[in-house]
Protein chains: 2
Amino acid sequence: MGTKQQITERITALLKDSKLSVTETRVKILELFMKSNGALEHSDIETQTGQSFDRVTVYRTLQTFLDKGIIHKIPTTDTSVRYAVCKSECTEHDHHDHHVHFKCESCGNTTCLDETNIPEISLPKGYAMHNVEVVVSGVCKTCK
Amino acid sequence: MGTKQQITERITALLKDSKLSVTETRVKILELFMKSNGALEHSDIETQTGQSFDRVTVYRTLQTFLDKGIIHKIPTTDTSVRYAVCKSECTEHDHHDHHVHFKCESCGNTTCLDETNIPEISLPKGYAMHNVEVVVSGVCKTCK
DNA sequence: CATATTTTTGCAACAGAGTTGCATTTTATT
DNA sequence: AATAAAATGCAACTCTGTTGCAAAAATATG
Ligand SMILES: [Mn+2]
Ligand SMILES: [Mn+2]
Ligand SMILES: [Zn+2]
Ligand SMILES: [Zn+2]
(Lines give C-alpha, C1' and ligand atoms only; values in the text may rest on other atoms or scores of the structure.)
(Ligands and ions follow the chains in the order given, each with its own letter.)
Protein backbone atom coordinates (compact mmCIF):
# COMPACT_ATOMS: atom_id res chain seq x y z
CA MET A 1 0.00 0.00 0.00
CA GLY A 2 2.66 2.56 0.98
CA THR A 3 2.82 5.28 3.60
CA LYS A 4 0.21 8.01 3.80
CA GLN A 5 2.76 10.39 2.35
CA GLN A 6 3.41 8.13 -0.64
CA ILE A 7 -0.31 7.71 -1.29
CA THR A 8 -0.78 11.47 -1.28
CA GLU A 9 2.04 11.81 -3.79
CA ARG A 10 0.54 9.18 -6.06
CA ILE A 11 -2.81 10.94 -5.90
CA THR A 12 -1.27 14.32 -6.68
CA ALA A 13 0.52 12.84 -9.67
CA LEU A 14 -2.67 11.17 -10.89
CA LEU A 15 -4.61 14.43 -10.69
CA LYS A 16 -1.90 16.37 -12.50
CA ASP A 17 -1.68 13.73 -15.21
CA SER A 18 -5.41 14.16 -15.73
CA LYS A 19 -4.93 17.94 -15.90
CA LEU A 20 -7.00 18.51 -12.78
CA SER A 21 -6.31 20.99 -10.00
CA VAL A 22 -5.16 19.35 -6.79
CA THR A 23 -7.85 20.19 -4.25
CA GLU A 24 -8.65 18.94 -0.78
CA THR A 25 -11.91 17.35 -1.92
CA ARG A 26 -10.36 15.43 -4.78
CA VAL A 27 -7.42 14.17 -2.76
CA LYS A 28 -9.67 13.06 0.10
CA ILE A 29 -12.15 11.24 -2.16
CA LEU A 30 -9.38 9.49 -4.08
CA GLU A 31 -7.86 8.40 -0.77
CA LEU A 32 -11.20 6.84 0.16
CA PHE A 33 -11.31 4.93 -3.11
CA MET A 34 -7.76 3.68 -2.71
CA LYS A 35 -8.21 2.58 0.89
CA SER A 36 -11.50 0.83 0.12
CA ASN A 37 -11.41 -2.72 -1.14
CA GLY A 38 -14.79 -2.36 -2.82
CA ALA A 39 -16.87 0.04 -4.82
CA LEU A 40 -18.26 3.20 -3.24
CA GLU A 41 -21.46 5.04 -3.76
CA HIS A 42 -22.17 8.69 -3.19
CA SER A 43 -23.60 8.12 0.29
CA ASP A 44 -20.51 6.14 1.39
CA ILE A 45 -18.36 9.12 0.54
CA GLU A 46 -20.59 11.52 2.38
CA THR A 47 -20.55 9.28 5.44
CA GLN A 48 -16.82 8.64 5.43
CA THR A 49 -15.85 12.27 4.96
CA GLY A 50 -18.09 13.25 7.86
CA GLN A 51 -20.02 15.83 5.81
CA SER A 52 -16.94 18.01 5.51
CA PHE A 53 -17.73 18.58 1.83
CA ASP A 54 -20.90 19.79 0.23
CA ARG A 55 -23.06 17.16 -1.49
CA VAL A 56 -22.83 19.07 -4.73
CA THR A 57 -19.06 19.05 -4.64
CA VAL A 58 -19.03 15.29 -4.20
CA TYR A 59 -21.35 14.84 -7.18
CA ARG A 60 -19.20 17.09 -9.32
CA THR A 61 -16.00 15.39 -8.22
CA LEU A 62 -17.33 11.94 -9.12
CA GLN A 63 -18.47 13.22 -12.52
CA THR A 64 -15.05 14.75 -13.14
CA PHE A 65 -13.28 11.50 -12.22
CA LEU A 66 -15.59 9.60 -14.57
CA ASP A 67 -14.89 12.01 -17.41
CA LYS A 68 -11.16 11.70 -16.89
CA GLY A 69 -11.13 7.91 -16.74
CA ILE A 70 -10.09 7.77 -13.08
CA ILE A 71 -13.13 5.84 -11.89
CA HIS A 72 -15.82 3.75 -13.59
CA LYS A 73 -19.44 2.93 -12.84
CA ILE A 74 -20.80 -0.50 -11.98
CA PRO A 75 -24.31 -1.48 -13.09
CA THR A 76 -26.97 -2.26 -10.49
CA THR A 77 -30.65 -3.24 -10.56
CA ASP A 78 -31.63 -0.58 -8.06
CA THR A 79 -31.30 3.17 -8.33
CA SER A 80 -27.92 3.28 -6.63
CA VAL A 81 -24.77 4.12 -8.57
CA ARG A 82 -21.49 2.48 -7.57
CA TYR A 83 -18.02 3.64 -8.51
CA ALA A 84 -14.59 2.00 -8.42
CA VAL A 85 -11.13 3.16 -9.42
CA CYS A 86 -9.95 2.15 -12.87
CA LYS A 87 -6.93 -0.10 -12.75
CA SER A 88 -6.30 -0.46 -16.47
CA GLU A 89 -5.00 2.33 -18.58
CA CYS A 90 -8.22 4.28 -18.84
CA THR A 91 -8.20 7.73 -20.36
CA GLU A 92 -10.72 10.44 -21.06
CA HIS A 93 -13.72 8.91 -22.87
CA ASP A 94 -11.85 5.64 -23.29
CA HIS A 95 -12.41 3.17 -20.52
CA HIS A 96 -10.76 -0.25 -20.60
CA ASP A 97 -12.23 -1.92 -17.53
CA HIS A 98 -13.20 -5.20 -19.08
CA HIS A 99 -13.49 -7.26 -15.94
CA VAL A 100 -16.16 -8.97 -13.90
CA HIS A 101 -17.86 -7.28 -10.96
CA PHE A 102 -18.98 -9.21 -7.94
CA LYS A 103 -21.74 -8.20 -5.55
CA CYS A 104 -21.80 -10.09 -2.26
CA GLU A 105 -25.31 -10.80 -1.00
CA SER A 106 -23.98 -11.19 2.53
CA CYS A 107 -21.81 -8.14 3.19
CA GLY A 108 -23.24 -6.03 0.37
CA ASN A 109 -19.80 -5.14 -0.95
CA THR A 110 -19.20 -4.81 -4.66
CA THR A 111 -15.69 -5.62 -5.88
CA CYS A 112 -13.79 -5.60 -9.15
CA LEU A 113 -12.47 -9.04 -10.08
CA ASP A 114 -9.61 -7.83 -12.23
CA GLU A 115 -8.15 -11.28 -12.64
CA THR A 116 -11.42 -12.77 -13.90
CA ASN A 117 -11.83 -12.24 -17.60
CA ILE A 118 -15.04 -12.06 -19.54
CA PRO A 119 -15.65 -14.93 -21.97
CA GLU A 120 -16.66 -14.36 -25.57
CA ILE A 121 -20.35 -13.77 -26.21
CA SER A 122 -21.76 -14.40 -29.67
CA LEU A 123 -24.63 -12.08 -30.41
CA PRO A 124 -27.33 -12.70 -33.02
CA LYS A 125 -26.62 -11.50 -36.56
CA GLY A 126 -26.82 -7.75 -37.03
CA TYR A 127 -25.76 -6.71 -33.54
CA ALA A 128 -22.53 -4.78 -33.04
CA MET A 129 -20.89 -5.19 -29.65
CA HIS A 130 -19.06 -2.26 -28.07
CA ASN A 131 -18.92 -3.16 -24.42
CA VAL A 132 -19.85 -5.99 -22.07
CA GLU A 133 -20.78 -5.59 -18.43
CA VAL A 134 -20.85 -8.65 -16.20
CA VAL A 135 -22.11 -8.49 -12.64
CA VAL A 136 -22.06 -11.68 -10.63
CA SER A 137 -23.89 -11.92 -7.33
CA GLY A 138 -23.26 -14.48 -4.64
CA VAL A 139 -21.12 -14.82 -1.53
CA CYS A 140 -17.61 -13.40 -1.44
CA LYS A 141 -14.56 -15.18 -0.05
CA THR A 142 -14.56 -13.08 3.12
CA CYS A 143 -18.14 -13.99 3.99
CA LYS A 144 -17.79 -17.64 3.04
CA MET B 1 -49.28 -11.45 -31.70
CA GLY B 2 -53.03 -12.16 -31.76
CA THR B 3 -56.05 -9.87 -31.72
CA LYS B 4 -56.58 -7.31 -29.00
CA GLN B 5 -59.23 -9.56 -27.53
CA GLN B 6 -56.86 -12.54 -27.39
CA ILE B 7 -54.15 -10.47 -25.74
CA THR B 8 -56.58 -9.30 -23.08
CA GLU B 9 -57.55 -12.90 -22.41
CA ARG B 10 -53.92 -13.96 -22.08
CA ILE B 11 -53.29 -11.11 -19.67
CA THR B 12 -56.34 -11.97 -17.58
CA ALA B 13 -55.20 -15.58 -17.36
CA LEU B 14 -51.69 -14.52 -16.39
CA LEU B 15 -52.98 -12.30 -13.60
CA LYS B 16 -55.28 -15.00 -12.28
CA ASP B 17 -52.49 -17.57 -12.37
CA SER B 18 -50.46 -15.19 -10.24
CA LYS B 19 -53.39 -14.80 -7.85
CA LEU B 20 -53.78 -11.12 -8.63
CA SER B 21 -56.99 -9.19 -9.08
CA VAL B 22 -57.65 -8.19 -12.65
CA THR B 23 -57.64 -4.41 -12.62
CA GLU B 24 -57.58 -1.79 -15.36
CA THR B 25 -54.11 -0.60 -14.33
CA ARG B 26 -52.54 -4.04 -14.39
CA VAL B 27 -54.09 -5.02 -17.70
CA LYS B 28 -53.04 -1.77 -19.34
CA ILE B 29 -49.46 -1.94 -18.08
CA LEU B 30 -49.09 -5.58 -19.12
CA GLU B 31 -50.41 -4.65 -22.57
CA LEU B 32 -47.69 -2.03 -22.84
CA PHE B 33 -45.02 -4.57 -21.95
CA MET B 34 -46.34 -7.09 -24.46
CA LYS B 35 -46.63 -4.58 -27.30
CA SER B 36 -43.17 -3.17 -26.60
CA ASN B 37 -40.19 -4.88 -28.18
CA GLY B 38 -37.86 -3.58 -25.49
CA ALA B 39 -37.62 -2.91 -21.80
CA LEU B 40 -39.67 -0.17 -20.20
CA GLU B 41 -38.93 2.16 -17.37
CA HIS B 42 -41.36 3.85 -15.06
CA SER B 43 -41.42 7.08 -17.08
CA ASP B 44 -42.20 5.20 -20.32
CA ILE B 45 -45.30 3.78 -18.70
CA GLU B 46 -46.41 7.14 -17.40
CA THR B 47 -45.95 8.68 -20.84
CA GLN B 48 -47.66 5.90 -22.76
CA THR B 49 -50.67 5.70 -20.48
CA GLY B 50 -51.15 9.45 -20.77
CA GLN B 51 -51.14 9.99 -17.00
CA SER B 52 -54.39 8.11 -16.64
CA PHE B 53 -53.00 6.31 -13.59
CA ASP B 54 -51.45 7.73 -10.50
CA ARG B 55 -47.64 7.53 -10.25
CA VAL B 56 -47.93 5.61 -7.02
CA THR B 57 -50.15 2.99 -8.61
CA VAL B 58 -47.61 2.43 -11.36
CA TYR B 59 -44.81 1.97 -8.81
CA ARG B 60 -46.90 -0.48 -6.84
CA THR B 61 -47.95 -2.38 -9.95
CA LEU B 62 -44.34 -2.82 -11.08
CA GLN B 63 -43.34 -4.02 -7.61
CA THR B 64 -46.22 -6.51 -7.59
CA PHE B 65 -45.24 -7.86 -11.02
CA LEU B 66 -41.65 -8.23 -9.83
CA ASP B 67 -42.75 -10.10 -6.72
CA LYS B 68 -44.90 -12.46 -8.76
CA GLY B 69 -42.21 -13.23 -11.34
CA ILE B 70 -44.08 -11.52 -14.19
CA ILE B 71 -41.35 -8.99 -14.98
CA HIS B 72 -37.64 -8.71 -14.17
CA LYS B 73 -35.23 -5.82 -13.73
CA ILE B 74 -32.30 -5.05 -15.99
CA PRO B 75 -29.13 -3.49 -14.53
CA THR B 76 -28.04 -0.04 -15.66
CA THR B 77 -25.16 2.29 -14.83
CA ASP B 78 -27.44 5.24 -14.23
CA THR B 79 -30.22 5.73 -11.70
CA SER B 80 -32.91 4.44 -14.06
CA VAL B 81 -34.58 1.07 -13.55
CA ARG B 82 -35.66 -0.94 -16.57
CA TYR B 83 -38.16 -3.77 -16.61
CA ALA B 84 -39.02 -6.50 -19.12
CA VAL B 85 -41.51 -9.36 -19.14
CA CYS B 86 -40.19 -12.73 -18.07
CA LYS B 87 -40.39 -15.29 -20.83
CA SER B 88 -39.08 -18.30 -18.95
CA GLU B 89 -41.04 -20.03 -16.27
CA CYS B 90 -40.49 -17.49 -13.53
CA THR B 91 -42.42 -17.75 -10.32
CA GLU B 92 -42.66 -15.83 -7.08
CA HIS B 93 -39.15 -15.27 -5.71
CA ASP B 94 -37.68 -17.57 -8.32
CA HIS B 95 -36.58 -15.88 -11.48
CA HIS B 96 -35.03 -17.85 -14.31
CA ASP B 97 -34.12 -15.13 -16.77
CA HIS B 98 -30.61 -16.21 -17.54
CA HIS B 99 -30.13 -14.38 -20.79
CA VAL B 100 -28.11 -11.51 -22.16
CA HIS B 101 -29.46 -7.96 -22.26
CA PHE B 102 -28.56 -5.57 -25.02
CA LYS B 103 -28.58 -1.81 -24.81
CA CYS B 104 -28.43 0.03 -28.13
CA GLU B 105 -26.36 3.19 -28.01
CA SER B 106 -28.18 4.53 -31.04
CA CYS B 107 -31.90 4.12 -30.31
CA GLY B 108 -31.50 3.73 -26.56
CA ASN B 109 -33.66 0.58 -26.49
CA THR B 110 -32.83 -2.25 -24.14
CA THR B 111 -33.85 -5.72 -25.28
CA CYS B 112 -33.72 -9.25 -23.94
CA LEU B 113 -31.66 -11.59 -26.11
CA ASP B 114 -33.40 -14.77 -25.06
CA GLU B 115 -31.58 -16.89 -27.61
CA THR B 116 -28.13 -15.72 -26.49
CA ASN B 117 -26.91 -17.75 -23.58
CA ILE B 118 -24.45 -16.69 -20.94
CA PRO B 119 -21.08 -18.45 -21.06
CA GLU B 120 -19.48 -20.02 -18.01
CA ILE B 121 -17.50 -17.70 -15.78
CA SER B 122 -14.88 -19.12 -13.44
CA LEU B 123 -14.55 -17.03 -10.31
CA PRO B 124 -11.50 -16.96 -8.03
CA LYS B 125 -11.38 -19.54 -5.23
CA GLY B 126 -13.75 -18.88 -2.36
CA TYR B 127 -16.47 -17.09 -4.30
CA ALA B 128 -19.93 -18.67 -4.56
CA MET B 129 -21.93 -17.68 -7.63
CA HIS B 130 -25.70 -17.28 -7.39
CA ASN B 131 -26.59 -15.19 -10.39
CA VAL B 132 -24.94 -13.61 -13.42
CA GLU B 133 -26.11 -10.47 -15.17
CA VAL B 134 -24.75 -9.62 -18.60
CA VAL B 135 -25.49 -6.32 -20.30
CA VAL B 136 -23.97 -5.74 -23.71
CA SER B 137 -23.99 -2.29 -25.25
CA GLY B 138 -23.54 -1.51 -28.92
CA VAL B 139 -25.73 -1.03 -31.98
CA CYS B 140 -28.83 -3.15 -32.49
CA LYS B 141 -29.86 -4.78 -35.76
CA THR B 142 -32.57 -2.18 -36.40
CA CYS B 143 -30.15 0.73 -36.13
CA LYS B 144 -27.36 -0.98 -38.06
C1' DC C 1 -77.95 -10.75 -8.05
C1' DA C 2 -77.15 -8.30 -3.70
C1' DT C 3 -74.14 -7.77 0.00
C1' DA C 4 -69.93 -8.38 2.72
C1' DT C 5 -65.06 -8.73 2.62
C1' DT C 6 -60.75 -8.03 0.62
C1' DT C 7 -57.79 -5.67 -2.38
C1' DT C 8 -56.43 -1.83 -5.06
C1' DT C 9 -56.32 2.91 -6.08
C1' DG C 10 -55.66 8.00 -5.68
C1' DC C 11 -54.39 11.70 -2.96
C1' DA C 12 -51.48 14.28 0.06
C1' DA C 13 -47.48 14.66 2.23
C1' DC C 14 -42.94 13.49 2.66
C1' DA C 15 -37.86 11.89 1.94
C1' DG C 16 -33.90 11.33 -0.90
C1' DA C 17 -31.17 11.87 -5.00
C1' DG C 18 -29.35 14.71 -8.31
C1' DT C 19 -29.00 19.41 -10.91
C1' DT C 20 -28.28 24.41 -11.84
C1' DG C 21 -26.95 29.38 -11.24
C1' DC C 22 -24.21 32.32 -8.95
C1' DA C 23 -21.24 34.54 -5.55
C1' DT C 24 -17.11 33.35 -2.90
C1' DT C 25 -12.96 30.89 -2.22
C1' DT C 26 -9.14 28.28 -3.69
C1' DT C 27 -5.69 26.91 -6.99
C1' DA C 28 -2.72 27.77 -10.81
C1' DT C 29 -0.23 31.04 -13.72
C1' DT C 30 2.60 35.12 -14.63
C1' DA D 1 2.40 39.37 -5.21
C1' DA D 2 -1.05 40.11 -8.52
C1' DT D 3 -3.98 38.09 -11.94
C1' DA D 4 -6.60 34.62 -14.27
C1' DA D 5 -8.82 30.30 -14.10
C1' DA D 6 -11.03 26.70 -11.74
C1' DA D 7 -13.45 24.64 -7.89
C1' DT D 8 -16.46 25.10 -4.00
C1' DG D 9 -20.61 26.08 -1.10
C1' DC D 10 -25.09 27.64 -0.82
C1' DA D 11 -29.86 28.15 -2.12
C1' DA D 12 -33.31 26.75 -4.78
C1' DC D 13 -35.22 23.55 -7.60
C1' DT D 14 -36.64 19.09 -10.13
C1' DC D 15 -37.24 14.28 -10.32
C1' DT D 16 -37.84 9.77 -8.30
C1' DG D 17 -39.65 6.90 -5.05
C1' DT D 18 -42.24 5.94 -0.39
C1' DT D 19 -45.93 5.89 3.21
C1' DG D 20 -50.56 6.40 5.53
C1' DC D 21 -55.09 6.64 4.84
C1' DA D 22 -59.74 7.20 2.97
C1' DA D 23 -62.42 6.13 -1.24
C1' DA D 24 -63.23 3.03 -4.94
C1' DA D 25 -63.09 -1.29 -7.26
C1' DA D 26 -62.71 -6.27 -7.39
C1' DT D 27 -63.65 -10.64 -5.50
C1' DA D 28 -66.05 -13.93 -2.49
C1' DT D 29 -70.24 -15.51 -0.39
C1' DG D 30 -75.09 -16.59 0.19
MN1 LIG E 1 -14.41 -2.48 -11.88
MN1 LIG F 1 -34.61 -9.97 -19.90
ZN1 LIG G 1 -19.17 -10.57 1.38
ZN1 LIG H 1 -31.00 0.48 -31.79
Side-chain angles (χ1 to χ4, degrees), chain A residues 8-9 11-32 39-68 70-71 73-83 92 108 110, chain B residues 8-9 11-32 39-68 70-71 73-83 92 108 110:
Chain A
T8 306
E9 277 171 21
I11 287 172
T12 302
L14 174 57
L15 288 172
K16 286 189 173 164
D17 283 353
S18 303
K19 293 182 180 120
L20 291 175
S21 310
V22 179
T23 69
E24 199 189 333
T25 316
R26 288 172 180 167
V27 171
K28 182 71 190 168
I29 290 178
L30 271 179
E31 272 176 14
L32 284 183
L40 298 176
E41 52 184 290
H42 182 272
S43 63
D44 295 325
I45 293 166
E46 277 207 279
T47 308
Q48 294 185 42
T49 53
Q51 294 99 32
S52 48
F53 307 117
D54 192 80
R55 279 180 338 112
V56 179
T57 305
V58 176
Y59 281 116
R60 288 196 271 227
T61 303
L62 290 171
Q63 185 58 53
T64 302
F65 288 172
L66 275 177
D67 291 344
K68 294 293 186 174
I70 295 172
I71 61 176
K73 287 185 180 181
I74 301 167
T76 64
T77 50
D78 55 40
T79 54
S80 70
V81 186
R82 298 194 123 85
Y83 305 87
E92 208 164 342
T110 299
Chain B
T8 306
E9 277 171 20
I11 287 172
T12 302
L14 175 56
L15 288 173
K16 286 190 172 162
D17 283 352
S18 303
K19 292 179 181 124
L20 291 176
S21 310
V22 180
T23 68
E24 199 190 332
T25 317
R26 288 173 180 165
V27 171
K28 181 72 190 169
I29 291 178
L30 271 180
E31 272 176 15
L32 284 183
L40 297 176
E41 52 185 289
H42 182 274
S43 64
D44 295 325
I45 293 165
E46 278 208 277
T47 308
Q48 293 185 43
T49 52
Q51 293 99 34
S52 47
F53 307 117
D54 192 79
R55 278 179 341 110
V56 179
T57 304
V58 176
Y59 281 116
R60 289 196 272 228
T61 303
L62 291 172
Q63 186 57 54
T64 302
F65 288 172
L66 275 176
D67 291 344
K68 294 293 186 175
I70 296 172
I71 60 175
K73 288 186 183 182
I74 301 167
T76 64
T77 50
D78 53 40
T79 55
S80 70
V81 186
R82 298 193 122 86
Y83 305 87
E92 209 163 341
T110 299

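Naming convention: chains lettered A, B, ... in sequence-line order (proteins, then strands); numbering from 1 in each chain.
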When rounded to the nearest 0.5 angstrom, what is the spacing between [atom1] in [X] and [atom2] in [Y]?
X	Y	atom1	atom2	answer
L14(A)	F65(A)	CG	CZ	7.5 Å
L15(A)	K68(A)	CG	NZ	10.5 Å
T25(B)	R60(B)	OG1	CZ	10.5 Å
I29(A)	E46(A)	CD1	CD	9.5 Å
K73(A)	T76(B)	NZ	OG1	8.5 Å

Residue whose closest nucleotide on DNA chain D lies nearer the 5' end, F53(A) versus E46(B): F53(A)
DNA chain D: 5'-proximal contact among R55(B) and E24(B) (nearest heavy atom): R55(B)
Closest heavy-atom pair and its distance - T77(A), V81(B): O-CG1, 4.0 Å
K28(A) to F53(A) - nearest heavy-atom pair and separation: CG-CE1, 3.7 Å
In whole angstrom, what separates [X]'s [atom1] from [N]'s [atom2]?
X	N	atom1	atom2	result
D54(A)	dT26(C)	CG	P	14 Å
Y59(B)	dC14(C)	OH	P	19 Å
L62(A)	dG18(C)	CG	C1'	12 Å

Opening and closing nucleotides of DNA chain D in contact with chain A, under 4.0 Å to non-hydrogen atoms: dA6(D) to dG17(D)
Greater than 12 external heavy atoms within 6.0 Å of E9(A)'s CD: yes
Pick out the pairs of N or O atoms, protein on one side and nucleotides 28-30 of chain C on the other, that lie under 3.5 Å.
residue: dA28(C); atom: OP1; partner: V22(A); partner atom: N; Å: 2.9

Base dG18(C) paired with R60(A) side chain (donor-acceptor, <3.5 Å): no
